[in-house]
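Working notes, beginning with the structure itself.
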Amino acid sequence: MADQSTKKTGGKTAASNGDPKKKPAKKKDGLIAKVSRFAKELRSEIKKVVWPTKKQVLNNTCVVGAVMIAVGGFIWIIDWIFAILRGLILGF
C-alpha cells in the first residue's frame with residue numbers, strides 16, 4: 001500500500017504544503033544597502049525623463065498666462081453682473 005505521507009494532494013505532496021500563515025523569509029537589507037539601491041533606481045529613472053525644450057516651456061507659459069487672464073476676466077464680468085443685480089434688488 002502507498003504511504004500516506006507521500007500521497008499527492010492537489011498536485012503537491014503533503015510535506016510541501018506548509019503553514020499558510022507563515023510568510024516567506026525576506027533578506028533584511030541594511031540602511032546603507034537600501035540608500036544605495038534607492039540612489040541607483042533614482043538615477044535610472046531620471047535618465048528616462050524627457051525634458052521640454054525652451055520653446056515648449058515658453059509656449060506653455062504663454063498658454064497658462066492667457067488662460068489665467070481669460071478666467072480672471074470671466075470672473076470679473078460675472079461679479080460685475082451680480083453687483084448690478086444686487087443694486088437693482090436692494091435699491092443701491
Side-chain angles (χ1 to χ4, degrees):
M1 290 247 154
D3 187 16
Q4 291 291 338
S5 64
T6 59
K7 186 176 178 182
K8 291 190 175 191
T9 56
K12 293 183 181 181
T13 60
S16 65
N17 285 341
D19 187 11
K21 293 181 182 177
K22 284 188 177 178
K23 293 182 181 179
K26 287 186 176 182
K27 181 182 173 188
K28 294 190 178 188
D29 293 335
L31 180 63
I32 294 174
K34 287 180 182 180
V35 170
S36 175
R37 187 176 66 237
F38 174 76
K40 287 177 186 176
E41 291 174 4
L42 178 67
R43 181 177 289 165
S44 70
E45 290 297 323
I46 290 292
K47 288 180 181 178
K48 295 177 188 177
V49 173
V50 179
W51 298 101
T53 63
K54 201 175 219 181
K55 186 177 179 180
Q56 289 172 328
V57 171
L58 182 62
N59 185 34
N60 292 345
T61 302
C62 290
V63 168
V64 168
V67 170
M68 284 174 43
I69 290 171
V71 170
F74 176 74
I75 291 172
W76 180 43
I77 290 171
I78 296 297
D79 182 53
W80 178 67
I81 291 171
F82 284 144
I84 290 174
L85 289 174
R86 184 194 64 198
L88 291 173
I89 292 172
L90 297 177
F92 289 126

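FYI, the numbering just counts along the sequence from 1. This structure is a prediction, so every number in the text was calculated from the model and none was measured. Just so it is clear, the values below take in all heavy atoms, side chains as well, and ignore hydrogens, waters and symmetry mates.
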Residue list, side-chain contact (heavy atoms from CB on, under 4.5 Å) with Phe82, at least two apart or on another chain: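 Phe82 satisfies side-chain contact (heavy atoms from CB on, under 4.5 Å) with Ile78, Leu85 once adjacent residues are dropped.
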
Among residues at least two apart in sequence or on other chains, which ones pass side-chain contact (heavy atoms from CB on, under 4.5 Å) with Val64?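 Val64 satisfies side-chain contact (heavy atoms from CB on, under 4.5 Å) with Met68 once adjacent residues are dropped.
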
Please determine which of Leu90, Ile89, Leu88, Ile84 meets the side-chain contact (heavy atoms from CB on, under 4.5 Å) test together with Arg86.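 In the set Leu90, Ile89, Leu88, Ile84, the residue that makes a side-chain contact (heavy atoms from CB on, under 4.5 Å) with Arg86 is Leu90.
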
Straight-line distance of Trp76 CH2 to Ile69 CD1, nearest 0.5 Å: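 Between Trp76 CH2 and Ile69 CD1, I get 12.5 Å after rounding to 0.5 Å.
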
Salt bridge (Lys or Arg N to Asp or Glu O under 4.0 Å): pairs with one or both residues in residues 54-81, sequence neighbours excluded: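 Residue pairs with at least one partner in residues 54-81: there are none.
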
For a quick test of your reading: what N or O donor-acceptor pairs under 3.5 Å do the side chains of residues 56-63 make, sequence neighbours left out?
residue: Gln56; atom: OE1; partner: Thr53; partner atom: N; Å: 2.9
residue: Asn60; atom: ND2; partner: Gln56; partner atom: O; Å: 3.4
residue: Thr61; atom: OG1; partner: Val57; partner atom: O; Å: 2.7

Pairs of donor and acceptor atoms involving the side chains of residues 30-40, under 3.5 Å and at least two apart or interchain, shall be tabulated with distances.
residue: Arg37; atom: NH1; partner: Asp29; partner atom: OD2; Å: 2.9

Could you pull out all residues at least two apart from Glu45 that satisfy side chain to side chain donor-acceptor pair (under 3.5 Å)?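 Partners of Glu45 by the side chain to side chain donor-acceptor pair (under 3.5 Å) criterion, ordered by chain and then number, come out as Lys48.
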
